[in-house]
Each structure stands twice: as structure tokens, then as C-alpha cells.
**Q** 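Have a look at the structure that comes next, please.
Just so you know, these numbers use all the heavy atoms, side chains as well, and skip hydrogens, waters and symmetry mates.
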Amino acid sequence: MSISKFSSTYARLAAAPAALLAPVAAFAQDAATTAAPAAAAAAPAMTVDKGDNTWMLISTVLVLLMTIPGLALFYGGLVRAKNMLSVLMQVFMITAVVMIIWVTYGYSLAFTDGGSLNSFVGGFSKAFLAGVDTTTLSETFTKGVAIPELTFVCFQMTFACITPALIVGAFAERIKFSAVMLFVVLWVTFVYFPMAHMVWFWGGPSSYTSPSGLIFSYGALDFAGGTVVHINAGIAGLIGAIMLGKRTGYKKEIMAPHSMTLTMVGASLLWVGWFGFNAGSNLEANAYASLAMINTFVATAAAAVSWCLVENFTRGKASMLGAASGAVAGLVAVTPAAGFAGPMGSIVLGLIVSPVCYFFVDVVKNKFNYDDSLDVFGVHCIGGILGAIGTGILVNPALGGAGIVDYSTADFAAGYPGTATQVFAQLKGVLTTIAWSGIGSLILYKIVDVVIGLRVSVEAEREGLDLSTHGEAAYHA
């Protein structure tokens, strides 16, 4: 397992030295004689296993399932009936738009060498998927083992889709549809793609000394997106909720979820799809994928139980909303740790994350009086922070963790630099994410507000965004 042990790429093959191009050519065209002999000796020929590729194709579809319909139904059930369709529309169209942006320039910005800016963002060498075809490969976390690059492009594309879709829960029921779409286009370009590059870009096990993204260079661990996805989206959501202001009638009118049934269905689909999210981030169908899978089971279960226990102690009753919220908090927390922690460590992580997130949702939000409609900050950002820091502890083999592979050793030995060292690296990754996303999101919201305005009128908000924005209703009497 690599120092990152999370989704990464061999995407710089097209622009890399001959030492990397030679083995790809040897595999795809049996033309190694055209490369320098020294380069051929420096790196092994890439091999592709159909089982690995099959698992990654399935994982990609599972992550799409998380977004549509999973996240859409989870959020949709939590809003009032008059805004159900608006949430479904926002999540659905974000997914469609980001897919086009991803293959146009997003993949290139996230997973190619950015030259002098490489610590922060990639370049445009693979814009419009230039040089990416059925013969190009992305290396996994095993030296010389690869998957088709098109598979990797699709897998990472689904991550790029769900992350901005998570944000909309923070300002649900009061934002213009046009503002959502413009913000998402700007946000993925200037916030998400650079974040993905900073955390997940490296040379791969065959070129582990090559320049990497900034957060990767810290030695920070993020198996499947605690920083890139959850902290990133959570901070952006908080900024958006504050900038748009509270919903009309907030704390004066009943704003209860209109369908906990749909929320439960959505939460369940999120849990199922999350196996692609976490176990798929291993890039291979091996024992580490199995580790990520069992951790995704047990951490989520522990967090659901933990949230209900907290509710029972504080409110006297456990709720379906609490069970669903706890499950999502557990999924968020285990995301960065999925391939690093042991199952028992993941259970502990799940038990801890729910009380912490509950405190932010029930106490902190009321104390500071901000209207994070569906608790994106309280669950995703806070859960992501706890998971990211916890990963630095739970990766320790003495605690049942998998350790961190050192690719400089002949046998790729797994070790652990110590709790203080690793937790400090994790903290640096967390703080960098908060700063990048927080400042970037603030600027982008302001731009959108100046250009087209962020918020619908009071009249449109009272009528409901389904009719006022989309001219149709989710339900008919």
C-alpha cells in the first residue's frame, strides 16, 4: 500500500520521460525496441488484469448510484414537498454538467503534471482527453499493475460529480437554479480539480520519486476523499449557507422533512454505492479492497448505532433521521481511513464520529444561528476532519492498521512514522483543504452573486422552487 493508498493516476504517461513511456508501449504495441534500453530496464511492463478492470467498472457505476438517485433522494426527502423537485434537478444536472467539464479539461487539471504549478494543479496536456485511448494505462498501487486509463477517467469522474452535488444541501430551498449551475462550473474548476491534484497526484509506484501534489507531499493519507470530497464540500456549503442567509421563516415555521421514507431509501443507496467509493479507490480487486469494504460496513453500522444512542439520551427517542444521519457520518469518517485502518479501529471511529457531528448539528448550528439546511457542514466537513485526523492514528499496525508502504524499499515494506508525525501531516492536509476551499468558495459565491444573484425572491421561495423555478411539481394531489 502506498503512502497515499488512495485513488491516483498514471495520467502523466503522455508527457512523462521515456522511462515511463517504454513499458506502456511494450504492453500495448509490443514495440519496446523503439524505446531506450535504459528506460526499458528502469520500469516493468504494465500488466492489466480483467478482474481489476471489472471491479473498477462496477465501482464507477456504484459511485454514480450514490449520486443519482442516492444523494438526490436523501436530500430530496429532507426538504419540504414544494422543493423536492428542485433538489432532484440540482443534483441531476450537476452530475451531467460536471461529466462534460471533466472530460473537457477537469481530468487533465487533476491528473497531469502542472509544471511550475504542479504542487497545486495539473496542466492541459490531456484536455479533451488528448492521448487517452484504449491503449493507455493508469498504474495502480502495485508496481507494474495497471487498469485502462479510460476506466480511471470514468471512476474519478464520478467523484468529481458527487462532490459539488453534496454542497447543495447547505443552501437548499432558497437558491437560484442558474446560480447553482454557474457556481458549480466555477467551483469544480478552481477548487475541486486543484484539490484532487494536491491530494491524489503522484508518479505511481514505478515513479514514486516524481513530483507530486502539495498535500500528497506532506505525507498526508486520504484513501478515498476525506479532504478532497467531504471537507472540501462541507466548507463550501457552510460559506454558501452564510452568504445566502437563512430561509424565509427559519425557526418560525415548520420545516420538517417531507418524506423520511425517501430519505431512508437515499441513505441506503448511499451506503451501497459507498462500497464503490471506498473499496474502488484501491484500484485493484485484492485484499486491500476487502479491507476497505469491511471498514465501510462496520464503521457505518457503529455510527448509526452511536447517533441513535445519543438521541435516546438527549431526546428520549431515537429517530430514523438520526439513524440515517449517523450512517452518513460514519461513511464520511471512514472514507479517508478505509484502506488504512483495521476493522476494530473503524468501529471506534464510527462510534466517536456521531456524537461529534451531533454536537455540531444540534448545538453549534443553533449557537451561531446559521441555516445549513441539510447539515452539510455538521456531517460532511466535521466528519471528514475527524476521519482524516483519525486515519493518522488508526493506520498504525500496532492498532490493527495496515501501515504505510515505503516504495523506496526493495520489498515495499509497510511501516509507521509515529503518531505525532502522521497526525501532524494529516492536520496540514486538513488545514490546507479548509483554507483552499473556504477562500476559493467565498470568492466564487461573490462572483456569482454579482453576475446573476444567488437567491430567489421571497415570493418564489414561499411558492416553492419546484413551481417557481421549474414549473412543475414533484407530487400531484
Side-chain angles (χ1 to χ4, degrees), residues 7-9 11-12 14 60-61 63-68 71-72 87-114 117-118 120-133 136 138 149-171 175-201 213 225 227-230 232-233 235-237 239-240 277 433 436-437 440-441 443-448 451-452 454:
S7 177
S8 69
T9 185
R12 63 175 86 181
T60 300
V61 174
V63 181
L64 177 62
L65 179 75
M66 290 174 64
T67 316
I68 48 175
L71 180 67
V87 172
L88 299 182
M89 186 67 170
Q90 288 170 18
V91 174
F92 195 93
M93 291 310 299
I94 285 170
T95 301
V97 169
V98 173
M99 283 182 180
I100 302 302
I101 296 173
W102 179 253
V103 297
T104 303
Y105 61 85
Y107 175 67
S108 188
L109 288 179
F111 291 108
T112 65
D113 194 318
L117 295 176
N118 189 61
F120 302 98
V121 70
F124 291 99
S125 61
K126 293 196 175 183
F128 300 96
L129 298 186
V132 179
D133 56 34
T136 57
S138 293
E149 188 172 9
L150 286 170
T151 300
F152 184 75
V153 170
C154 290
F155 181 65
Q156 282 294 336
M157 178 172 66
T158 57
F159 280 63
C161 291
I162 194 171
T163 305
L166 290 171
I167 301 172
V168 304
F171 42 64
I175 193 169
K176 292 180 179 178
F177 178 68
S178 57
V180 171
M181 301 313 300
L182 177 57
F183 173 76
V184 166
V185 171
L186 294 172
W187 191 82
V188 294
T189 302
F190 295 102
V191 178
Y192 180 82
F193 300 151
M195 276 302 311
H197 181 88
M198 284 189 272
V199 174
W200 285 333
F201 183 73
T227 51
V228 180
V229 177
H230 298 292
N232 198 11
I235 286 294
I239 299 295
F277 200 82
T433 304
W436 186 275
S437 183
S441 298
I443 294 171
L444 297 179
Y445 280 119
K446 188 61 179 176
I447 290 173
V448 174
V451 174
I452 59 176
L454 286 169

**Q** Among all residues two or more places apart in sequence or in another chain, which pass the ring-ring contact (aromatic ring centres under 6.0 Å, His included) test with Y445?
**A** F183

**Q** For residues 184-193, which residue pairs qualify under side chain to side chain donor-acceptor pair (under 3.5 Å), counting only residues two or more places apart or in two chains?
**A** Y105-T189, W187-S441

**Q** Taking side chain to side chain contact (heavy atoms under 4.5 Å, CB included) as the definition, give me every residue that meets it alongside I447, ordered by chain and number, with sequence neighbours left out.
**A** L186, I443, L444, V451

**Q** Return yes if some donor-acceptor pair links the side-chain N/O of T112 with the main-chain N/O of G123 below 3.5 Å, else return no.
**A** yes

**Q** Starting at CG of L182, measure out to CD1 of I452 and round the result to the nearest 0.5 Å.
**A** 5.0 Å

**Q** Checking side chain to side chain contact (heavy atoms under 4.5 Å, CB included) for the pair T158/T67: CA distance, chi angles, key distance, verdict?
**A** CA-CA 8 Å; T158 57; T67 316; 6.0 Å; no

**Q** Checking S437 now: which residues fulfil side chain to side chain donor-acceptor pair (under 3.5 Å) with it, not counting sequence neighbours?
**A** N232

**Q** Quick one, V180 and I94 - any side-chain contact, counting heavy atoms below 4.5 Å?
**A** yes

**Q** Apply the test side chain to side chain contact (heavy atoms under 4.5 Å, CB included) to residues T60 and M157: give CA-CA distance (whole Å), side-chain angles for both, the deciding distance (0.1 Å), then the verdict.
**A** CA-CA 9 Å; T60 300; M157 178 172 66; over 6 Å; no

**Q** Looking at residues at least two apart in the chain, or sitting in another chain, which of them share a side chain to side chain contact (heavy atoms under 4.5 Å, CB included) with L88?
**A** A72, L73, M84

**Q** Answer whether the closest heavy-atom distance between the side chains of K176 and L454 falls below 4.5 Å.
**A** no

**Q** If you compare all heavy atoms of M93 against all heavy atoms of M181, which two are closest, and at what distance to 0.1 Å?
**A** O-CE, 3.6 Å

**Q** S178: which residues meet the side chain to side chain donor-acceptor pair (under 3.5 Å) condition with it, sequence neighbours left out?
**A** none

**Q** Kindly give the heavy-atom pair with the smallest separation between A110 and F201, and that separation in Å.
**A** O-CB, 4.0 Å

**Q** Under the side chain to side chain donor-acceptor pair (under 3.5 Å) rule, collect the residues that match up with T433, sequence neighbours excluded.
**A** none

**Q** Using the ring-ring contact (aromatic ring centres under 6.0 Å, His included) criterion, which residues pair with F92? Sequence neighbours excluded.
**A** none

**Q** State which residues pass side chain to side chain donor-acceptor pair (under 3.5 Å) with T151; sequence neighbours excluded, sorted by chain then number.
**A** N53

**Q** Can you label the angle between the Y107 ring and the F152 ring as parallel, tilted or perpendicular, going by 30° and 60°?
**A** perpendicular

**Q** Please report the shortest heavy-atom distance between V98 and A160, naming the atom on each side.
**A** CG1-O, 3.4 Å

**Q** Who are the side chain to side chain contact (heavy atoms under 4.5 Å, CB included) partners of L150, not counting sequence neighbours?
**A** V132, T134

**Q** Determine the minimum heavy-atom distance between H197 and F111, stating which atoms define it.
**A** ND1-N, 4.4 Å

**Q** Check side chain to side chain contact (heavy atoms under 4.5 Å, CB included) between A233 and all other residues, then give those that pass, not counting sequence neighbours.
**A** T163, L166, I167

**Q** Tell me, do M99 and V103 make a side-chain contact under 4.5 Å, heavy atoms counted?
**A** no

**Q** Which heavy-atom pair separates G114 from N118 by the least distance, and what is that distance?
**A** N-OD1, 2.9 Å

**Q** Between W200 and V228, is any pair of side-chain heavy atoms under 4.5 Å apart?
**A** yes

**Q** Taking the side chain as C-beta and beyond, is there a heavy-atom pair between F177 and Q90 under 4.5 Å?
**A** yes

**Q** Let me confirm one number: the CZ-CG distance from F124 to L109, rounded to the nearest 0.5 Å.
**A** 4.5 Å

**Q** Answer whether the closest heavy-atom distance between the side chains of I101 and V188 falls below 4.5 Å.
**A** yes

**Q** Taking the side chain as everything from C-beta on, heavy atoms only, tell me whether V153 gets closer than 4.5 Å to W102.
**A** yes

